[in-house]
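Note that the coordinates shown come from a computational prediction; the quantities given were computed from them, not determined experimentally.
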Amino acid sequence: MTIASATELDAVFGGVDSHADTIHVAVITDRGGHVADAEFPTTSAGYAAAVAFLNAHGTVTAVGVEGTSSYGSGFTRAARHAELTAVEVNRPAKAERRRIGKSDPIDAYAAARAALSGRASVIPKDDAFSGVSALHNSARSAVKARTARPRTSPSPPSQNTSASGLR
């Protein structure tokens, strides 16, 4: 649903609600008005189409993304590659979700409003951090496994030694 044309808009903000198979992208004006929303597959082509969709509606100031470390990580990488500013958005509070409802378009518009208001201002971790995090997790797992290993004492010498071995 488009409210304003791309030529009328200057600065726009995007919002992304991410899932395992799809992402829902919403665009709002710098005053919070709804511009458009659409759903894309979570593939490289889908991410490229989502970035093009955002850019088609004006100059993208920032994109609020739910789940930048999980389902939204692919879109976050694509947005960074396209030199868009992606910010991490927390899921809406349960009280707010009950009040305004729960759907992909509602969540995408909420993510865009969070980016617009500055409530979402944390820049997501990049791929370099993922490597450090993996090393940290593996070291922590190794320490945990070593600590959990049962501590056994060395077995006593066998009582069945024959007399012939003692000569």
Side-chain angles (χ1 to χ4, degrees), residues 1-138 140-141:
M1 175 176 111
T2 302
I3 295 175
S5 69
T7 58
E8 297 172 12
L9 300 177
D10 236 14
V12 296
F13 289 81
V16 176
D17 182 34
S18 57
H19 299 283
D21 298 325
T22 61
I23 57 171
H24 202 94
V25 180
V27 182
I28 63 171
T29 65
D30 58 355
R31 294 180 181 212
H34 292 200
V35 176
D37 65 275
E39 190 172 79
F40 301 93
T42 54
T43 61
S44 296
Y47 298 142
V51 168
F53 174 78
L54 286 167
N55 286 323
H57 290 92
T59 303
V60 181
T61 303
V63 182
V65 183
E66 276 189 14
T68 58
S69 298
S70 58
Y71 292 137
S73 63
F75 175 80
T76 302
R77 272 192 300 276
R80 280 193 179 134
H81 184 70
E83 298 180 359
L84 297 178
T85 301
V87 292
E88 190 166 354
V89 174
N90 293 330
R91 300 206 184 280
K94 287 185 179 185
E96 183 180 354
R97 292 175 79 176
R98 276 192 298 272
R99 187 172 47 83
I100 63 172
K102 166 70 178 118
S103 73
D104 294 346
I106 289 173
D107 288 350
Y109 279 116
R113 282 191 304 276
L116 168 64
S117 70
R119 201 171 18 121
S121 59
V122 175
I123 303 296
K125 298 170 186 83
D126 61 2
D127 291 335
F129 181 83
S130 299
V132 172
S133 179
L135 287 173
H136 175 73
N137 289 340
S138 63
R140 188 176 59 206
S141 294

Legend entry - Smallest separation among heavy atoms of H57 and V27, with atom names: CB-CG1, 3.9 Å
Inset, instruction - Using the test ring-ring contact (aromatic ring centres under 6.0 Å, His included), find all partners of Y71 that sit at least two apart in sequence or belong to another chain. - result: none
Inset, instruction - Write down the atom of T76, the atom of G72, and the distance for their closest heavy-atom approach. - result: OG1-O, 2.8 Å
Inset, instruction - With the side chain counted from C-beta on, respond yes when V12 and T59 share a heavy-atom pair under 4.5 Å apart, and no when they do not. - result: no
Inset, instruction - Quick one: list whatever passes side-chain contact (heavy atoms from CB on, under 4.5 Å) with A26, sequence neighbours left out. - result: D37, A108, Y109
Inset, instruction - Might you point out which heavy atoms bring R119 and R113 nearest each other, and give the distance in Å? - result: NH2-C, 4.3 Å
Legend entry - Listed partners of H19 passing side chain to side chain donor-acceptor pair (under 3.5 Å), at least two apart: D17, D104
Legend entry - From CA spacing to verdict: side-chain contact (heavy atoms from CB on, under 4.5 Å), H24, D107: CA-CA 8 Å; H24 202 94; D107 288 350; over 6 Å; no
Legend entry - Partner residues of L84 under the side-chain contact (heavy atoms from CB on, under 4.5 Å) criterion, sequence neighbours left out: V51, L54, N55, V60, V63, A79, A82
Legend entry - Which residues share a side-chain contact (heavy atoms from CB on, under 4.5 Å) with A48, sequence neighbours left out: none
Legend entry - Shortest non-hydrogen contact from A50 toward I23: CB-CD1, 3.9 Å
Inset, instruction - Could you name each residue pair satisfying side chain to side chain donor-acceptor pair (under 3.5 Å) that touches residues 38-47, not counting sequence neighbours? - result: none
Inset, instruction - Give the minimum heavy-atom separation between V87 and A115, together with the two atoms involved. - result: CG2-CB, 3.9 Å
Inset, instruction - Please round to the nearest 0.5 Å and tell me the distance separating atom CD of E66 and atom CD of E88. - result: 10.5 Å
Inset, instruction - Can you measure from CD1 (I28) to CZ (F13) and round to the nearest 0.5 angstrom? - result: 7.0 Å
Inset, instruction - Can you see which heavy atom on T61 is nearest to which on T85, and at what distance? - result: O-CB, 3.8 Å
